[in-house]
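Have a look at the structure below before the remarks.
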Amino acid sequence: MILIDAQEVRRHLDHRTCIGLMREAMTALSQGRSKQLLRSILDLEDGNAFGVMPGALDGSGFGAKLVSVFPGQPRSHQGVIVLFDEASGAPAAVIEAGEVTAIRTACASAAATDALALPGADTLAILGTGEQAWQHAAAIRHVRAIKAVRLWGRSRAKAEILARRISDELGLPAEAFDTPAEAVAGAAIVCATTAASEPILTSADVADGTHINLVGSSRAGPVEIDNALVARARFVPDHRAGVLAQGAEFLRAREAGLVDDSHVLPEIGAVFAGDAPGRLSARDVTIYKSLGSIVQDLACARYLVDAR
C-alpha cells in the first residue's frame, strides 16, 4: 500500500493541474459516472467534528475521506483519504487529506469561477484569513487576470499579514479592509471562506454581475450570507443532493419561505459539460455553493498515485 504525505502532495499537485482535475471530477459526478453518499458528521466537544465521506469515481477507484474539523487548529481539516483499487478491491493508497482538502477546495472554486464569473472580472474579494483564503487567491489567479485582491477578516492584523503574503508571493496588489461590505465593494469575484455562524455578507453589499464562491459552511447550520442574497442569485451547487440536505444558506432561505428546491440549479459539473446554463446575463449574481465532494478527493488521490 502506498503512503503519500503532505510534502508529497505539495510536490506533485499544483493549482493549475488541480483545477483541471476538479472540472473532470465534477463533470463525472453530474453525468452519473461517479457515486457519493452524503457526508456523515459526528459532533465532538467544543465545536469540533469528525466526518466520513465515501464515494467512487470512474477511472480513479473508490474510497473514503476520514477528516477531523478542529477550527481552532492551524490546519482546521486533518485526516486521510483511503483509495481502493476498482479492479481488485484492494486498498491502494493512504493520502494525507489536509493538504489535498486545502488545494482541491480552492481549485474547485477556481473552476466554478471560470465558468460563472464575467470574462473581464479582475478584482477579487476574499472574506476570511485562514488557509482557504490564501489558497483561493493562489488558485483563482489561474482563471482570471486578477489586478487587485481585497481582504477582510475578523482580525485586521491577520488580514494585513495575508495581504502582504499575497503581494509578496503571488505578485498581486492586496489590501485589507475593516468590513465585509468594504472588501466586496467593486469586486467582481467574492470568496467567502469564513467560519461565520451568522451572515457576514448581505445582498445590499453585492453589486449586479458579481460571482460568489460560498465555501466556509460545509454543513447545515452556519451561514455566511443573508437570505436575500440567496434568493437573488443563480444558485449553483457542487452536488445538488448534498446542498438540498446540508447547504446551510439555502436551507435557511427555504425555511424563511424565500426559495424552494427549484432554486438550487443543476450542478456545476453540468455547467462544465455544457448540459446546463450558468450565468444568463451580465447582471446576474451567481453563487457556487461548495460543500466539498469525495470525488474531488479521489481524483486528486488517483493523480498523486499515478504521479509517483
Side-chain angles (χ1 to χ4, degrees), residues 36 38-44 46-53 65 67-73 75-79 101-102 104-106 108-109 112-113 125-136 152-154 180 183-184 189-203 205-206 210-256 258-259 261 263-265 267-268 285-294 296-297:
Q36 63 179 40
L38 297 180
R39 73 187 65 205
S40 298
I41 299 174
L42 177 66
D43 288 313
L44 306 173
D46 301 322
N48 302 319
F50 176 66
V52 180
M53 299 168 61
K65 180 162 73 172
V67 59
S68 67
V69 183
F70 279 52
Q73 296 301 312
R75 166 159 280 168
S76 61
H77 290 65
Q78 304 172 80
T101 301
R104 67 83 156 145
T105 302
S109 291
T113 298
I126 300 176
L127 308 180
T129 58
E131 184 169 41
Q132 278 305 316
W134 161 255
Q135 291 286 353
H136 274 72
W152 171 83
R154 297 188 188 279
V184 303
I189 303 167
V190 176
C191 299
T193 68
T194 74
S197 58
E198 295 297 328
I200 55 170
L201 191 66
T202 72
S203 183
D205 300 329
V206 176
T210 304
H211 170 65
I212 301 169
N213 296 306
L214 202 54
V215 177
S217 174
S218 59
R219 60 183 301 182
V223 299
E224 295 184 287
I225 64 173
D226 70 355
N227 292 339
L229 184 51
V230 173
R232 174 185 171 195
R234 288 185 56 77
F235 200 86
V236 180
D238 57 356
H239 181 222
R240 192 169 189 275
V243 169
L244 288 173
Q246 299 176 330
E249 291 86 0
F250 162 72
L251 294 174
R252 187 175 291 198
R254 187 179 68 179
E255 184 179 355
L258 296 180
V259 299
D261 287 1
H263 190 67
V264 180
L265 297 175
E267 294 166 349
I268 191 64
V285 172
T286 56
I287 288 177
Y288 166 64
K289 176 55 189 174
S290 170
L291 289 175
S293 295
I294 181 60
Q296 297 172 346
D297 300 296

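Bear in mind the structure is a predicted one, so any value in this text is a computation, not a measurement.
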Hey, could you give me each pair passing salt bridge (charged side-chain N to carboxylate O under 4.0 Å, His left out) that has a residue in residues 212-227? Not counting sequence neighbours.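 Output for this query lists Asp43-Arg219.
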Mind checking the [atom1]-[atom2] spacing from [X] to [Y]? Nearest 0.5 Å is all I need.
X      : Y      : atom1 : atom2 : answer
Arg232 : Thr210 : CZ    : OG1   : 7.0 Å
Met53  : Asp297 : CE    : CG    : 5.5 Å
Ile200 : Ile225 : CD1   : CD1   : 10.0 Å
Thr193 : Asn213 : OG1   : CG    : 10.0 Å
Asn227 : Ser203 : CG    : OG    : 10.5 Å
Tyr288 : Leu265 : OH    : CG    : 14.0 Å

Donor-acceptor pair, side chain of Thr129 and main chain of Gly153, under 3.5 angstrom: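 No.
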Any donor-acceptor N/O pair, His263 side chain to Leu258 backbone, under 3.5 Å: no
Criterion side chain to side chain donor-acceptor pair (under 3.5 Å) against Ser109, the qualifying member of Gln132, Gln135, His136, His211: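 Only one of Gln132, Gln135, His136, His211 forms a side chain to side chain donor-acceptor pair (under 3.5 Å) with Ser109, namely His136.
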Residue list, side-chain hydrogen bond (donor to acceptor under 3.5 Å, both in side chains) with [X], at least two apart or on another chain:
X      : answer
Arg39  : none
Arg234 : none
Lys289 : Glu249
Asp205 : Thr202

Any side-chain heavy atom of Arg252 within less than 4.5 Å of one from Glu198?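 Yes; the side chains approach each other to less than 4.5 Å.
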Decide if atom CZ of Arg154 counts as having more than 12 heavy atoms of other residues, nucleotides or ligands within a radius under 6.0 Å. no
Could you name each residue pair satisfying side chain to side chain donor-acceptor pair (under 3.5 Å) that touches residues 235-245, not counting sequence neighbours?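 The answer is Gln36-His239.
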